[in-house]
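A quick write-up on the structure given underneath.
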Amino acid sequence: MEIARIFGGRELCGEVSVSGAKNAALPILAACLLTDEPCILENIPNLSDIRLMISILRNVGASVEYMDTHTLKVCAEDVTSRASYEAVKKMRASVCLMGAFLGRTGHSTVSLPGGCVIGQRPIDLHIKGFKKLGCAVAMHNGYLEVNGERMVGTRIFLGGRYGSTVTGTANVLMAALGASGTTIIESAACEPEITDLCLFLRKQGALITGIGTNTLTVEGGCKLHGCRHRIIGDRIEAGTFICAALMTRGRIAIRGNTPNISSAVYDKFEEIGASVRELDDGTILVDGTKQDLRPTEVITLPYPGFPTDLQAQFCALLSCIDGISIVSERIYPSRFMHVPELNRMGANIMLEESHAIIHGSSSRQLAGAQLMASDLRASAALYLAGLCAKNETLIQRIYHLDRGYEHFEGKLRSLGASIERIKEADAEPDGGNP
Ligand code: EPU
């Protein structure tokens, strides 16, 4: 097993490009099943979750070929509408196959993924949407069987106790393409990744209006065709690099993020006094060299609110800023597995229900430690802490990071970080600087 070794304390400087957004690419890959014609997807990130989705698509009968390292050609001439436990157990996002199967064939049998470390992740809203469309839904041996032979468009309210649902919106939208008549989805998610899916579906020939808003209207029954589409840049990866530059007091330019970061995130950077600027071409300039940063309060919310997927990275950043910051998680109330690990590095964060109370300090430098990554964004937070900590940080279970950050160590190295992957057996903690 590989682990990450970081020698912290180096300013990050230079230019870095973000990859395509994982959370846009996954549902769009599933949506390729909606047509029997080839779809070409550009800017596909090279990630383990993407490789899993490709193997699932092949498993259900689609042909998937790489045209170059980031361009895929998917052709689903003939597909089944069943995804096995073996195929889907490693990735929750595989639930978005359900909508694609329903839209294409009127049937879906998909094994439900198991538990998730970031909290409960029910799919009751997806099921509500399918039922509203007239589907019969049943659970058999861990498989959700949905019969949508007679789906009819209707008005569906898709809001839940935590607001809208991203994958639920993708699923109901794709299923509604196979219904007769018009479907109106209210309280739809409007994350940029859903907008990207809608734009892809539109290129396939779907009639969708309200794109980018909380009300999506979709006409069922259109014959979809092949198309070419470029996946948007990853706003969470961009946000992670911004935090990295600020935490290491560096100065970087971030390219490739088509302007997707919400104002809620830029507002937080402004509130803490950070110099973060987006140019007209989408390049983000971050200057962490002359800073006197202030604490703040962060509340995660559905888009355009502050994203839960940047919460862990912000906890790491706010730990290095003098004063008390409060981070409240409104999407996944228990998504704080990074906190005990950050505290082991000398951070002072108290958890109270779904709030993290951070007693930050700019003078008390975090100290390197042996750490355990628990999920994708927690891993990113630990990398950030390691980059600004003194001495050596060793992070285990970094396969979590590979789900969502392409070539992360290489990109950080190009900015001047001292970071490498080593075999676990080769790790000698406190080995000093190389
Ligand atoms: N929820 C329900 N019922 C449902 C569906 C969701 O109660 O039927 C709740 C969830 O438990 C959660 C909230 O609603 O409290 C939002 O969940 P959502 O369905 O929006 O999440 P998701 O679609 O499963 C996507 C991303 C996550 C990201 C969330 C929130 C993908 C593949 N995953 O998950 O990304 O955190 O939206 O923005 O798009 C990550 O990239 O690290 C990641 C976890």
Side-chain angles (χ1 to χ4, degrees), residues 19-31 45 47-50 52-53 56 88 90-99 112-113 115-132 137 144 156-174 185 187-197 214 231-232 234-240 260 262 264-265 300-313 328-335 337-338 354 373-381 400-406:
S19 301
K22 161 183 84 82
N23 290 346
L26 289 170
I28 290 176
L29 278 165
L47 302 169
S48 58
D49 269 11
I50 297 292
L52 269 172
M53 186 55 111
I56 294 173
V88 308
K90 290 194 186 140
M91 188 177 60
R92 275 203 59 83
S94 48
V95 295
C96 64
L97 290 164
M98 293 190 290
L112 290 188
C116 176
V117 71
I118 67 175
Q120 283 186 34
R121 298 181 75 179
I123 57 158
D124 54 308
L125 297 169
H126 307 225
I127 293 172
K128 172 184 168 181
F130 296 151
K131 284 185 173 167
K132 284 269 179 190
V137 181
L144 191 78
I156 303 171
F157 177 77
L158 216 52
R161 32 185 321 218
Y162 299 104
S164 51
T165 160
V166 175
T167 312
T169 300
N171 257 338
V172 175
L173 187 63
M174 289 190 274
I185 306 173
S187 199
C190 61
E191 270 65 6
E193 294 75 21
I194 289 294
T195 297
D196 205 28
L197 170 67
N214 292 118
I231 305 292
I232 53 167
D234 193 323
R235 63 195 168 108
I236 304 302
E237 187 189 357
T240 305
N260 291 320
S262 66
V265 175
T300 67
L301 288 169
Y303 192 86
F306 189 94
T308 172
D309 293 343
L310 267 183
Q311 178 262 109
Q313 300 88 318
S328 302
E329 182 49 78
R330 293 263 182 88
I331 308 291
Y332 299 113
S334 55
R335 191 183 202 179
M337 276 75 58
H338 42 286
S354 57
S374 54
D375 67 88
L376 170 58
R377 306 304 170 188
S379 314
H400 289 295
L401 186 102
D402 296 335
R403 293 188 37 225
Y405 289 89
E406 176 176 346

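Just so you know, residue 1 is the first one in the sequence shown, and it goes up from there. Just so you know, ligand 1 is whichever comes first in the structure, and atom 1 is the first atom listed for that ligand.
- In this structure, atom 17 (O) of ligand 1 lies nearest to the protein heavy atom Y332 OH, 3.7 Å.
- In this structure, the protein non-hydrogen atom closest to atom 22 (P) of ligand 1 is T167 OG1, 3.4 Å.
- With hydrogens and angles ignored, the 3.5 Å screen pairs no side-chain donor or acceptor of N214 with any backbone N or O of S187.
- Within the structure, ligand 1 has R335 among the residues with a heavy atom less than 4.0 angstrom away.
- Inclusion of L26 in the set of residues having an N or O under 3.5 Å from an N or O of ligand 1 is not warranted.
- A donor-acceptor pair under 3.5 Å is absent between the side-chain atoms of N260 and the main chain of P192, judged by distance alone.
- Contact annotation: the side chain of V137 approaches that of L144 to within less than 4.5 Å [non-hydrogen atoms, C-beta and beyond].
- Not close to ligand 1: R403, with no non-hydrogen atom less than 4.0 angstrom away.
- Looking at T165, N23, I123, T169 and measuring to atom 19 (O) of ligand 1, the nearest heavy atom belongs to T165.
- The distance criterion of under 3.5 Å between nitrogen or oxygen atoms is met by V166 with respect to ligand 1.
- Atom 15 (O) of ligand 1 has as its closest protein heavy atom I331 O, 2.5 Å.
- Side-chain N or O atoms of R92 include none that pairs as donor or acceptor with a backbone N or O of L112 at under 3.5 Å.
- Scanning the protein heavy atoms around atom 30 (C) of ligand 1, the nearest turns out to be T308 CG2, 3.8 Å.
- Looking only at atom types and distance, the side chain of Y405 has a donor-acceptor partner in the side chain of R377 under 3.5 Å away.
- Using a 4.0 Å cutoff on heavy atoms, E193 does not count as a contact of ligand 1.
- For the pair C96 and M53, the tightest heavy-atom approach, listed with the atom from each and the gap, is SG-CE, 3.9 Å.
- Interatomic distance, D375 CG to R335 CZ, rounded to the nearest 0.5 Å: 6.0 Å.
- Between the side chains of H338 and Q313, no donor N or O sits under 3.5 Å from an acceptor N or O.
- The shortest contact between atom 7 (O) of ligand 1 and any protein heavy atom is with P122 CG, 3.5 Å.
- Close approach of ligand 1 to Y162 (heavy-atom distance below 4.0 Å) involves ligand atoms 9 (C), 13 (C), 14 (O), 15 (O).
- Below 4.0 Å from some heavy atom of A93 lie the following atoms of ligand 1, by number and element: 32 (C).
- The shortest N or O to N or O distance between E191 and ligand 1 is not under 3.5 Å.
- Side-chain N or O atoms of S19 include none that pairs as donor or acceptor with a backbone N or O of P45 at under 3.5 Å.
- Atom 41 (O) of ligand 1 has as its closest protein heavy atom R377 NH2, 2.8 Å.
- K90 NZ: 12 or fewer foreign heavy atoms inside a 6.0 Å radius.
- Near K22, meaning under 4.0 Å from one of its heavy atoms, ligand 1 places the atoms 40 (C), 41 (O).
- For atom 8 (O) of ligand 1, the closest heavy atom belonging to the protein is L125 N, 2.7 Å.
- Residue-ligand proximity: P307 is placed with every non-hydrogen atom at 4.0 Å or more from ligand 1.
- The N/O atoms of L376, backbone and side chain alike, include none that comes under 3.5 Å of an N/O atom in ligand 1.
- Of the inter-residue distances, the one linking L97 atom CG with M174 atom CE reads 8.0 Å to the nearest 0.5 angstrom.
- Note: an N/O pair closer than 3.5 Å links D309 and ligand 1 by distance alone.
- Between the side chains of T300 and E329, at least one donor-acceptor pair of N or O atoms lies under 3.5 Å.
- Considering both main-chain and side-chain atoms, D124 comes within under 3.5 Å of ligand 1 through a nitrogen or oxygen pair.
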Evaluation steps, salt bridge (Lys or Arg N to Asp or Glu O under 4.0 Å), between R235 and E193: CA-CA 10 Å; R235 63 195 168 108; E193 294 75 21; 2.8 Å; yes
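- The single protein non-hydrogen atom nearest to atom 34 (O) of ligand 1 is R121 NH2, 3.2 Å, given as residue, atom name and distance.
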